[in-house]
Each structure stands twice: as C-alpha cells, then as structure tokens.
Amino acid sequence: MTDTPASQSPSTATQMLAAAAALGMERLDAQLLLLHVLGRPSGDRAWLLAHDTDVQGDTVWARFSALCARRIAGEPVAYLLGEKEFHGLGLQVDARVLVPRPDTETLVDWALQCLEGRTAPSVIDLGTGSGAIALAILHARPDAQVTAVDRSADALAVARANAQRLGLALRFAEADWLEGAGTGLDLVVSNPPYVAAGDPHLAALRHEPPGALVSGPDGLDDIRRIVEVAPAHLREGGWLLLEHGWDQAAAVRGLLEARGFAEVQSRDDLAGIARCSGGILRAVK
Ligand code: GLN
C-alpha cells in the first residue's frame with residue numbers, strides 16, 4: 001500500500017494543495033482557503049510550508065474541497081474567507097456588499113490629499129457598501145466627520161459592523177445618494193455602480209450585488225445624478241471624487257466640467273488606467 005492510495009482523501013497540506021491545483025485552483029487562492037480552514041491568519045503562508053507533511057484532521061479536506069468548489073464556481077475569495085484587506089484595514093465582507101478592490105485605494109489616497117490642510121473636514125462616502133472608503137478616510141483622518149451613505153440597509157449593516165469592530169466613529173445614513181444630506185461638505189467621494197447593463201464583464205461579477213454594479217445602458221446613470229446634485233451640498237472649495245469604469249474618464253470629466261467644476265482631472269489605478277475623476281467647486285451653485 002502506498003501512503004496515499006487513490007481512494008484516500010488528501011491528508012497533508014502538500015497533498016491538498018496539489019489536489020486543488022488539479023481542480024484548477026490558483027495557488028494563492030488555495031493557500032488562503034486552506035489557512036482559513038485551519039484557522040490560521042492569511043499572512044501565515046510560511047506555516048503551510050513548515051507543516052507541509054503534517055496530517056490534518058479528518059474534516060479539513062472536506063471543508064477545504066467544498067470551498068475550492070465554490071471558488072471554481074466563481075465566488076470571490078473574499079466572500080469565502082469573510083474578509084478583505086483594504087487600505088491597511090481588515091474588513092468583514094459578504095455577498096451583501098461589493099468586494100473592496102485595491103484599485104479603489106487610489107480614490108482614498110486622492111481623497112486624503114484633498115483633505116490635507118483642512119481641520120475637521122466633513123466628508124460623505126456615497127454607496128459605501130462595506131464602508132471601505134469611509135473607514136479608510138476616517139482611520140487616516142480621525143478629526144474628520146465622515147458619513148457613510150447607502151440605499152441598501154443590508155450594506156449599511158455590514159459597514160456598521162466594520163466600524164464597530166475597528167472602533168471608528170463613522171456616521172451612517174440610509175439614503176438615495178445625497179438626499180437629506182447637509183450642506184458645506186469638504187468632500188463627496190463615491191465608488192458608485194458604473195457598469196453598463198448588458199456588459200459581458202458582469203458574468204464574472206455574478207456573485208456580487210447587481211445594485212452595486214449596474215447603472216443604466218451606458219453605466220453612467222448614477223454618476224450623472226451624483227454630479228448633478230453634489231454642488232448643492234459642497235462648500236466652496238469642496239471636492240467631488242468619483243471612481244468609474246476603465247473607458248469612462250473622458251465622459252465623467254465632461255459631466256464635471258458641464259456642471260461647473262474646476263480643476264477637473266483623473267487619476268490612474270494600479271494598472272495605469274484612468275479610474276477616478278474629480279473636480280473642485282469654486283463657487284457655490
Ligand atoms: N470595479 C468593479 C469591476 O468592474 C466595478 C465596481 C463598480 O461598479 N463600482 O470589477
């Protein structure tokens with residue numbers, strides 16, 4: 001008899017990762033899911049090497065292979081782990097919210113630059129989802145008054161739980177964009193839905209909430225609304241910063257200019273694609 005007859009389930013980390021690779025799993029995803037099943041932190045990949053031939057408990061393979069099957073069926077790793085790191089913060093996420101993307105950290109960095117030199121600035125994050133943008137800003141700028149807005153009560157529950165776990169005093173509003181928001185804001189920031197209905201890319205995003213992704217025939221319905229209403233809520237010198245699709249920068253800059261914003265510009269994401277655009281309000285409209 002060999003150590004691992006074909007009829008026997010993989011019992012060591014090495015065997016389980018080899019079996020996952022044979023199923024078509026990416027190596028990093030498989031390592032993260034196996035660490036999760038073993039109750040170890042995601043940063044502990046060295047542990048898997050150091051313990052590569054340890055025999056694991058009976059249920060580890062069953063739980064790991066079930067997660068691999070879900071991953072292969074397209075579920076984001078973040079949902080399977082229940083967490084995602086964003087701008088240095090550990091956030092809990094599930095299918096009620098979009099998975100925070102590393103590209104959105106660009107938007108946070110830009111927002112923080114806009115707040116430099118302002119004391120106790122007032123900020124609104126529209127369509128906060130997990131609370132990622134709002135929490136990252138508040139973490140970096142504890143003096144800011146940051147409100148996280150979402151029209152989805154489910155999403156706000158996720159954001160609230162994240163704020164509580166991180167000990168950040170975020171404010172919340174269940175609203176349709178800036179409806180009911182105050183005036184005199186220093187910054188309105190948003191990663192709104194911006195994918196065009198019918199975009200073939202949506203198939204790969206089918207496990208995430210469509211309400212967080214899709215925005216009309218050209219993907220710009222929500223951005224048009226936000227650009228339209230934001231000036232009434234910003235102070236003079238306040239910024240509006242928006243994330244958008246890879247091919248929408250010129251259109252969004254055009255909307256901002258048409259609405260009277262100044263210093264209209266775009267910023268690149270990690271892949272070098274113009275991914276967010278914004279402008280400053282020079283005179284209260
Ligand atoms: N960045 C996401 C994607 O296309 C879309 C997020 C959004 O619509 N706000 O993968």
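Here the structure is a predicted model, which means the values were calculated and not measured. In each ligand, atom 1 is the first atom listed, and ligand 1 is the first ligand listed.
Atoms of ligand 1 lying under 4.0 Å from any heavy atom of H201, numbered from 1 in the order shown and given with element: 3 (C), 4 (O), 10 (O). Ligand-side atoms of ligand 1 in range of N191: 7 (C), 9 (N), range being under 4.0 angstrom from any heavy atom.
Of the possible donor and acceptor atoms, one in the side chain of E105 sits under 3.5 Å from a partner among the backbone N and O of H87.
Counting non-hydrogen atoms of other residues, nucleotides and ligands closer than 6.0 Å to NE2 of H139 gives a total of 12 or fewer. Shown here is E257, whose CD atom has more than 12 heavy atoms of other residues, nucleotides or ligands within 6.0 Å. A 6.0 Å sphere centred on CG of D58 holds no more than 12 heavy atoms belonging to other residues, nucleotides or ligands. More than 12 heavy atoms of other residues, nucleotides or ligands sit less than 6.0 Å from atom CZ of R40. Atom CD of E263 sits in a crowded spot, with more than 12 heavy atoms from other residues, nucleotides or ligands closer than 6.0 Å.
Look at P192 and you'll find a heavy atom under 4.0 Å from some atom of ligand 1. Look at A212 and you'll find a heavy atom under 4.0 Å from some atom of ligand 1.
Among protein heavy atoms, atom 8 (O) of ligand 1 sits closest to Y194 N, 3.3 Å. For atom 10 (O) of ligand 1, the closest heavy atom belonging to the protein is R101 NH2, 3.1 Å.
Between R275 and ligand 1, a contact under 3.5 Å exists for no N or O pair.
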